[in-house]
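Starting off with a structure, shown below.
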Amino acid sequence: MSKDYNNYVDRWYEHMRELVEQLRPWYDIDKIKPWGVYVWTKDSVGKYDGENVFDIYANEVAMYNEEHKIPDEAWPIIREIQGWLKEWK
């Protein structure tokens, strides 16, 4: 791989991490991939009891718990993440 491509990947991922970090008041993040971000509820202290409530993709938010309501404040961040996912080349 070229050095330019590696720099692009590094810059893309670093920016995505900054965006995803903004969701941390409400959620834990399992994985960040070029095609999606896997979002979980926060674990209880000392326990691993979070739930994968939704995933963010470029053109959709896949919900896995119909009862879960995403906070209104989180939606602009989610939309920004979707825009950045669309930038992946």
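Count residues from 1 along the sequence. All values derive from a computational prediction rather than experimental measurement.
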Judged by atom type as modelled, is there a donor-acceptor pair below 3.5 Å linking the side chain of Trp84 to the main-chain atoms of Leu19? no
Applying the side-chain contact (heavy atoms from CB on, under 4.5 Å) test to Ile56, which of Ile29, Val39, Ile32 qualifies? Val39
Go through the steps to decide whether Ile78 and Val37 satisfy the test side chain to side chain contact (heavy atoms under 4.5 Å, CB included), and finish with yes or no. CA-CA 10 Å; Ile78 291 168; Val37 175; over 6 Å; no
Name all residues meeting the side chain to side chain donor-acceptor pair (under 3.5 Å) criterion together with Tyr13; count only those two or more places apart in sequence or in a different chain, and write none if there are none. none
Taking only residues two or more places apart in sequence, or in another chain, which ones meet Arg11 in a side chain to side chain donor-acceptor pair (under 3.5 Å)? none
Identify the heavy atoms of Tyr57 and Gly36 that sit nearest to each other, and give their distance. CD2-CA, 3.9 Å
Sequence-distant partners of Phe54, ring pair (Phe, Tyr, Trp, His ring centres under 6.0 Å), two or more places apart: Tyr27
Just jot down the side chain to side chain donor-acceptor pair (under 3.5 Å) partners of Glu60, sequence neighbours excluded, or say none. none
Under the criterion side chain to side chain contact (heavy atoms under 4.5 Å, CB included), I'd like the reasoning laid out for Asp55 against Tyr64: C-alpha separation, chi angles, the key distance, then a yes or no. CA-CA 8 Å; Asp55 295 339; Tyr64 301 117; 2.8 Å; yes
Going by heavy atoms in the side chains, are Ile70 and Trp75 under 4.5 Å from each other? yes
Note: Glu67 and Asn65 closest approach over all heavy atoms is N-OD1, 2.8 Å
Show the nearest heavy-atom pair for residues His68 and Met63, with the distance to one decimal. O-CE, 3.7 Å
Decide whether Ile77 and Tyr38 are clustered together by the hydrophobic rule: side chain heavy atoms of Ile, Leu, Val, Met, Phe, Trp, Tyr closer than 4.5 Å, transitively. no
Restricting to side chain to side chain donor-acceptor pair (under 3.5 Å), what partner residues turn up for Asp30, sequence neighbours left out? none
Using modelled atom types only, decide if a donor and an acceptor are shared between the side chain of Thr41 and the backbone of Gly50 within a distance under 3.5 Å. no
Using 0.5 Å steps for rounding, measure from the CD atom of Glu87 to the CE atom of Met16. 10.0 Å
Which residue pairs pass the salt bridge (Lys or Arg N to Asp or Glu O under 4.0 Å) test when at least one of the two sits in residues 70-79, sequence neighbours left out? Lys69-Asp72
Could you list all the side-chain hydrogen bond (donor to acceptor under 3.5 Å, both in side chains) pairs where at least one residue sits in residues 14-24, not counting sequence neighbours? Glu21-Arg24
Partner set under side-chain contact (heavy atoms from CB on, under 4.5 Å) for Ala58, not counting sequence neighbours: Leu85, Lys86
Taken in chain and number order and not counting sequence neighbours, the residues that satisfy salt bridge (charged side-chain N to carboxylate O under 4.0 Å, His left out) with Lys42 are Asp28
